[in-house]
Enquirer: 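Take this structure first; my questions come after.
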Amino acid sequence: MTDTVRVRFAPSPTGRLHIGGARTALFNWAYARRHRGTFLLRIEDTDPERSTKEYERAILEGLRWLGLDWDEGPDVGGPYAPYHQAQRIERHRVAAQAMLARGEAYRCFCSHERLDAMRAEQEAEHQASAYDKRCRSIPQAEAERRAAAGESFVVRFKVPEGKTSLVDHVRGDVTFENKEVDDWIMVRSDGNPTYNFVVVCDDVDMKITHVFRGEEHLINTPKQVLLYKAMGAKPPEFGHLPLMLGTDRKKLSKRTGDTALQDYQEKGYPKDAVVNFLCLQGWALNGTQEIFSLDELVKHFDINDVSKAGAVFDIDKFRWLAGEYLRKEPIDVLVDHCVPFAIQAGLLRADEVPSKRAWLASLLAAEKERMHVYSNFPARIAYLFAKDDELPYDADAEANAKKHAGRVALLGDFQAWLAPKLAAGEPSAALKDGMKAWLSERKAKMPELLQPLRCALSGRAGGPDCFDMIAWLGPERALARIEHARRRLA
RNA sequence: GGUCCCAUCGUCUAGCCCGGCCUAGGACACCAGGUUUUCAUCCUGGCGACAGGGGUUCAAAUCCCCUUGGGAUCACCA
């Protein structure tokens, strides 16, 4: 056949999609698209205890959310179906039998007790724990007899002499001494094959040409390369991606932050920001352009340019990037993205959204400057929903207001000036101009009025333009808040 | 501890493969100014790194070696 690129992402549905897994998927996908190859998805559900359909569905949804699509997979099918590993188990059994028959593997009857004792001893002597190969010497006929008699056994891979090298596109080629590679278990005593075995069987069957995965798999790779050879198959090329690290510089874990893609989705990170950020962890477009699209990734992605060193998950940069993307969204789209969070916070009911859409758009147009993620929205606008006489005043807002000695009188005069204009429906821009003229007539500076006013309207030290807030509140509530402030700021 | 991997600003990185253009570039964060009614956005500036030591070379962040430091992994889990 041809040497068309075929890459895969093979998640295990035993939990939510890890953010590092999402990046692995992204890089595999980008590589396939860049080389006009095939990207496929395979579900590694061979652990029936922990695998669930719910996780599987969530993982697929997560990938779709990011904008990744696959040419072959569990839901779309393909020429190498099935794409659920558990459904391929017969093939694995056949392959294991063939290996046994060819003498590339052997039955091991050692008990857990013996293995545990051996491990303990090796550990005490500061050696790597590895099987001592005792059962290698059992003649095949005897092994078959004992197996037939019902004796429990596992199938181990017979690691040959020599050394094993692999082509790694991110690290440069890596070599291992075979004597350091354990005679690992291919098939468990219950007859089920193990990961290192099935992953190779399936990759061979699915004609995978390149395997890009996390660095934690690097040490497994010689086992797999040796297996390819024993099966008479050509090993794929590899690329072991740098780990994503927590602030403790260890493999990203829940201890130092959110690890699931879904966590960021639920927190309202724009998905394009997530993709962009994931790209930046271990790869760079050109070293100067930080913000770029999936298209640009595909256009420029090169596995050889992926960094070797682990990348600390930089949440500050992620937040910044999220804000950049959020601000670029068309306002209608932004409303759709933010409204669910306002509903969830109890600020709005879903049924009143259509009638308030223009109002919400106006809020967002002003507030987006202060937001990074969609979930910031409710906290930004909560003051609008407070009772006018119970609006909480932040300490710094109140302090700013109270810096001005004439605040109560000025607020009163302003209220009297404002009320008729509001009643007449004067637009915000005109009110603002009028206010400036009014203030200069009385030889008052803007902050003298606006700081107390801001506190009166929002209870906060910072925020949008005061006249925007008046418009959002409406004449009645705005004036009520000023009225209350004259008492509360006295 | 064995094996394997890694090492440029606090963080993400460009440069390294194909030594000179590097008085090491960009971004986030931080600090200082400017803009703003305030906050934010935005603009300007600042701080800030080639882990250490040996080589090779006219010349090393770039090549080689050692040391140190960090990480991954050592399951009948994937």
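What's counted below: heavy atoms across the whole structure, side chains too, no hydrogens, waters or symmetry copies. Chain letters run A, B, ... following the sequence lines, proteins first, then strands; residues in each count from 1.
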Enquirer: Given the C1' atoms of B:C42 and B:A78, what is the spacing between them in whole Å?
Expert: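 B:C42 and B:A78 have their C1' atoms separated by 48 Å.
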Enquirer: Within the modelled atom types, does a donor on one side and an acceptor on the other bring the side chain of A:Gln127 and the base of B:G1 under 3.5 Å apart?
Expert: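 Result: no qualifying N/O pair found.
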Enquirer: Looking only at the side chains, is there a donor atom on one of A:His18 and A:Thr24 sitting less than 3.5 Å from an acceptor on the other?
Expert: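 No, no side-chain donor-acceptor pair sits under 3.5 Å.
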Enquirer: Mind checking the P distance from B:G55 to B:G69? Whole angstroms is fine.
Expert: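 The answer is 23 Å between these two P atoms.
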Enquirer: For the P atoms, the ones on B:A14 and on B:G25, what distance do you get once it is rounded to whole angstrom?
Expert: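 Roughly 15 Å separates the two P atoms.
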Enquirer: Quickly work out the A:Gln281 CD to B:C28 C1' distance and round it to whole Å.
Expert: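 Nearest whole value for this atom pair: 11 Å.
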Enquirer: Distance between the C1' atoms of B:G48 and B:U11, in whole angstroms?
Expert: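 Each nucleotide's C1' atom is 12 Å from the other's.
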Enquirer: For B:C5, take OP1 and OP2 only and decide whether either is under 4.0 Å from a side-chain N or O of A:Lys308.
Expert: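 Answer is no, no contact under 4.0 Å.
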Enquirer: Can you check the distance between B:G70 and B:U8, where both ends of the measurement are the P atom (answer in whole Å)?
Expert: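 These two P atoms come out 15 Å apart once rounded.
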Enquirer: Checking contacts here: which listed nucleotide (B:A75, B:A78, B:C5) is nearest the side-chain heavy atoms of A:Glu215?
Expert: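 Of the options given, the side chain of A:Glu215 lies nearest B:C5.
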Enquirer: When the C1' atoms of B:G46 and B:U67 are compared, how many Å lie between them, rounded to an integer?
Expert: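 Pairwise C1' distance, B:U67 against B:G46, rounds to 36 Å.
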Enquirer: Would you say the ring centers of A:Phe318 and A:Tyr264 fall short of 6.0 Å from each other?
Expert: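 Yes: the rings meet the under 6.0 Å criterion.
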Enquirer: For A:Asn220, which contact category applies under a 4.0 Å heavy-atom criterion: base, sugar-phosphate, or nothing?
Expert: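 Base contact.
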Enquirer: Under 4.0 Å between a side-chain N/O of A:Arg380 and OP1 or OP2 of B:A40, yes or no?
Expert: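 Looking at the OP1 and OP2 atoms of B:A40, neither is under 4.0 Å from any side-chain N or O of A:Arg380.
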Enquirer: Does B:C5 have A:His240 stacked on its base, where the ring centres are within less than 5.5 Å and the planes differ by under 30°?
Expert: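 Answer is no, no stack.
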Enquirer: Take the protein atom CG of A:Asp248 and the nucleotide atom P of B:G70, then report the distance between them rounded to whole Å.
Expert: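 So the two atoms are 13 Å apart, to the nearest Å.
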Enquirer: Give one of base, sugar-phosphate or nothing for A:Val198, where a contact means two heavy atoms less than 4.0 Å apart.
Expert: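 Counting heavy atoms under 4.0 Å across all strands, no contact is made by A:Val198.
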Enquirer: Of all the choices, B:U73, B:C28, B:A40, which nucleotide is nearest to the side chain of A:Asp316 once you look at every atom?
Expert: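 Given the options B:U73, B:C28, B:A40, the side chain of A:Asp316 is closest to B:C28.
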Enquirer: Centres of the A:Phe27 and A:Trp283 rings: under 6.0 Å?
Expert: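 No: the rings miss the under 6.0 Å criterion.
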Enquirer: Could you give the distance separating B:A7 and B:U62 at their P atoms, to the nearest angstrom?
Expert: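 Pairwise P distance, B:U62 against B:A7, rounds to 12 Å.
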Enquirer: On a whole-Å scale, what distance lies between the P atoms belonging to B:U44 and B:A51?
Expert: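 About 31 Å, rounded to a whole number of Å.
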Enquirer: Looking for any heavy atom pair under 4.0 Å, which part of the strands does A:Ser307 touch: base, sugar-phosphate only, or nothing?
Expert: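 If one applies the 4.0 Å heavy-atom cut-off, A:Ser307 turns out to touch the sugar-phosphate alone, with no base involved.
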Enquirer: Within 45 degrees of the ring normal and closer than 6.0 Å to the centroid, is that where the cationic atom of A:Arg213 sits relative to A:Phe238?
Expert: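 That pair does not qualify as a cation-pi contact.
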Enquirer: For A:Tyr55, does the six-membered ring have the charged nitrogen or CZ of A:Arg16 within the cation-pi criterion, i.e. under 6.0 angstrom from the centroid and within 45° of the normal?
Expert: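 No - A:Arg16 does not lie over the ring of A:Tyr55 by the 6.0 Å and 45° rule.
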Enquirer: For A:Leu243, report the nucleic acid contact type (base, sugar-phosphate, nothing); a contact means any heavy atom under 4.0 Å.
Expert: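 A:Leu243: backbone/sugar contact only, no base atoms under 4.0 Å.
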Enquirer: Of the options B:U3, B:C76, B:A40, whose atoms approach the side-chain atoms of A:Arg370 most closely?
Expert: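 For A:Arg370, the side-chain atoms sit closest to B:A40.
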